[in-house]
Protein chains: 2
Amino acid sequence: MANPGDVSPLTLNRLSVYLRSLRQLIEEGIQRVSSDELALRFHLSAAQIRKDLAQFGAFGIRGVGYEVEPLTEHLSGVLGLDHTHPLIIVGMGNLGNAFARYLEFNHGAFEVVAAVDHDPAKIGRRVGNITIEKASRLASIVNRTHAEIGVLAVPAGVAQENYDALVSAGVRAVLNFAPRRLAVDPSVVTRDVDLRIQLEALAFYVTQLRRPEPSGS
Amino acid sequence: MANPGDVSPLTLNRLSVYLRSLRQLIEEGIQRVSSDELALRFHLSAAQIRKDLAQFGAFGIRGVGYEVEPLTEHLSGVLGLDHTHPLIIVGMGNLGNAFARYLEFNHGAFEVVAAVDHDPAKIGRRVGNITIEKASRLASIVNRTHAEIGVLAVPAGVAQENYDALVSAGVRAVLNFAPRRLAVDPSVVTRDVDLRIQLEALAFYVTQLRRPEPSGS
DNA sequence: AGATGTGAATGAGTTCACAGCT
DNA sequence: AGCTGTGAACTCATTCACATCT
């Protein structure tokens with residue numbers, strides 16, 4: 001059984017994908033599945049599935065495969081999805097708003113418990129079940145709500161200072177939407193969702209690979 | 001000078017980051033920069049910067065560093081940011097809307113030229129400069145607007161069919177926001193922005209690494 | 001018999017360290 | 001003297017292939 005710090009971020013990403021796939025199998029009433037079947041159905045690699053899962057305690061039955069339900073439970077537990085994670089959004093512009101609403105529908109292990117903004121015009125406005133508060137009160141809000149994940153959806157120019165504020169307010173993880181490379185606190189986990197990087201990568205391919213593949217050398 | 005297909009997606013991501021950093025230096029009026037300085041200022045790796053840049057034709061001056069402006073121009077060209085990329089959004093829910101507005105402000109190499117949805121109630125509504133059209137007319141819209149990048153912002157359940165429709169309509173690249181592993185056409189580049197994966201990874205760390213580091217074995 | 005779990009082999013990506021140019 | 005460009009070393013990740021267990 002792996003030490004948390006030893007799990008690679010890539011393995012972690014795949015765990016989410018496996019879980020999603022398994023949930024779909026449950027809906028279809030499938031009780032057992034082999035790594036080969038999973039790989040085939042969801043465009044994954046069978047060897048990788050086995051290696052990834054083995055890292056979290058063997059759950060397969062040799063000669064048979066995996067029991068869908070227990071495996072799903074187990075993975076949910078590993079990812080901490082068996083309890084709710086309170087979340088605070090910093091910056092209620094387009095992205096912050098969209099994200100808040102996205103989570104309303106995507107009910108589950110994540111719950112928005114607070115949202116703040118620097119713009120006085122936005123303070124007091126309601127979004128779903130919560131009211132937008134002043135960003136300057138971040139520390140006390142985090143303290144009050146026990147928010148453990150901070151969602152950073154502010155402009156690039158103020159990303160670092162807002163990140164720092166989130167961290168010193170006491171959140172344990174940050175999801176950063178700002179197109180900015182942050183100087184991060186090593187005790188707080190950070191993941192970036194950088195739309196510009198994705199778009200520019202697509203622009204590269206679209207521009208450079210005019211036709212399918214310049215075959216040969 | 002590397003063949004487009006040979007450039008690793010990770011290198012490509014970094015190219016965006018370099019470009020962003022360089023633009024900031026331009027604003028500050030800095031004309032020359034060494035890989036060490038860049039690394040230090042933007043939390044990057046000097047060796048990696050040199051290796052990445054060298055892949056696209058040597059632009060540095062030994063003993064001196066890189067000329068900020070010409071390098072910026074060069075990288076912009078490599079990524080195809082010196083011309084506009086027409087973009088079509090499929091699915092104008094929260095995410096689609098937020099993305100459309102995000103790009104309005106993020107004026108630059110990307111322009112939303114069309115948006116479609118399946119919901120009749122949304123057809124005809126205006127967002128920025130464009131009017132939401134019927135998803136069933138996708139092919140002719142792509143044809144009319146020459147959209148080259150498709151942004152998939154539909155629910156997971158209909159992601160594959162909408163992806164297929166985008167591809168057969170003729171887009172050359174897809175940015176997928178749907179939390180679904182797509183069966184992809186190899187001649188169309190696809191990038192995923194999967195918020196659930198990011199959140200679940202954060203949940204893992206928050207849940208498993210209760211305190212800084214369980215030191216030792 | 002059949003599918004897992006896993007060492008060994010391969011491949012990809014990063015860092016090192018220094019020769020070579022300015 | 002100093003910083004780039006790059007082979008070589010190293011680390012991380014994936015795939016292979018098979019011994020192991022049910």
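The chains referred to below are lettered A, B, ... by the order of the sequence lines, with proteins before strands, and numbering in each begins at 1. Here the structure is a predicted model, which means the values were calculated and not measured.
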In whole angstrom, what separates [X]'s [atom1] from [N]'s [atom2]?
X	N	atom1	atom2	value
B/Phe59	D/dT4	CZ	P	15 Å
A/Tyr66	D/dC21	OH	C1'	13 Å
A/Leu12	D/dA13	CG	C1'	15 Å
B/Gln48	D/dC10	CD	P	19 Å
A/Asp36	D/dC16	CG	P	12 Å
A/Asn13	D/dA13	CG	P	11 Å
B/Phe56	D/dT6	CZ	C1'	16 Å

OP1 or OP2 of D/dC3 under 4.0 Å from side-chain N/O of B/Ser35: no

Side-chain N or O of A/Ser45 less than 4.0 angstrom from OP1 or OP2 on D/dT14? no

Nearest-nucleotide wise, let me know which of A/Val64 and A/Ser8 is further upstream toward the 5' end of DNA chain D.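 Going by which nucleotide is closer to the 5' end, it is A/Ser8.
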
Determine whether A/Glu200 and B/Arg20 satisfy the following criterion, salt bridge (Lys or Arg N to Asp or Glu O under 4.0 Å), listing intermediate values before the conclusion. CA-CA 11 Å; A/Glu200 294 187 355; B/Arg20 189 182 284 170; over 6 Å; no

B/Asp36 side chain to B/Ser34 side chain, donor-acceptor N/O pair below 3.5 angstrom: no

Return yes if a side-chain donor-acceptor contact under 3.5 Å exists between A/Asn97 and B/Arg101, otherwise no. no

Under 3.5 Å, is there any donor-acceptor pair linking the side chain of A/Lys51 to the base of D/dT15?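 Counting by modelled atom types and ignoring angles, a donor-acceptor contact under 3.5 Å is found here.
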
Residue pair B/Arg172 / B/Val189, side-chain heavy-atom distance below 4.5 Å: no

Report which part of the nucleic acid [X] touches: base, sugar-phosphate, or nothing (heavy-atom distance under 4.0 Å, all strands).
X	answer
A/Thr11	nothing
B/Leu53	nothing
A/Arg32	nothing

Shortest side-chain distance from A/Ile61, nucleotide among D/dT14, D/dT22, D/dG2: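 Nearest to the side-chain atoms of A/Ile61, counting from C-beta on, is D/dT22.
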
Measure the acute angle between the ring planes of B/His74 and B/Phe59, then classify it against the limits of 30° and 60° as parallel, tilted or perpendicular. parallel

Identified side chain to side chain donor-acceptor pair (under 3.5 Å) partner of A/Asn176 from the options A/Asp192, A/Asp194, A/Asn162: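 The residue from A/Asp192, A/Asp194, A/Asn162 that satisfies side chain to side chain donor-acceptor pair (under 3.5 Å) with A/Asn176 turns out to be A/Asp192.
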
A/Phe42 and A/Tyr18 aromatic centres sub-6.0 Å: no

I'd like the 5' and 3' limits of the part of DNA chain C contacted by chain A, with heavy-atom contacts below 4.0 Å.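 So the contact region on DNA chain C extends C/dG2 to C/dA8.
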
Assert: residue with more 5' nearest nucleotide on DNA chain C, out of B/Arg62 and A/Val33, is A/Val33

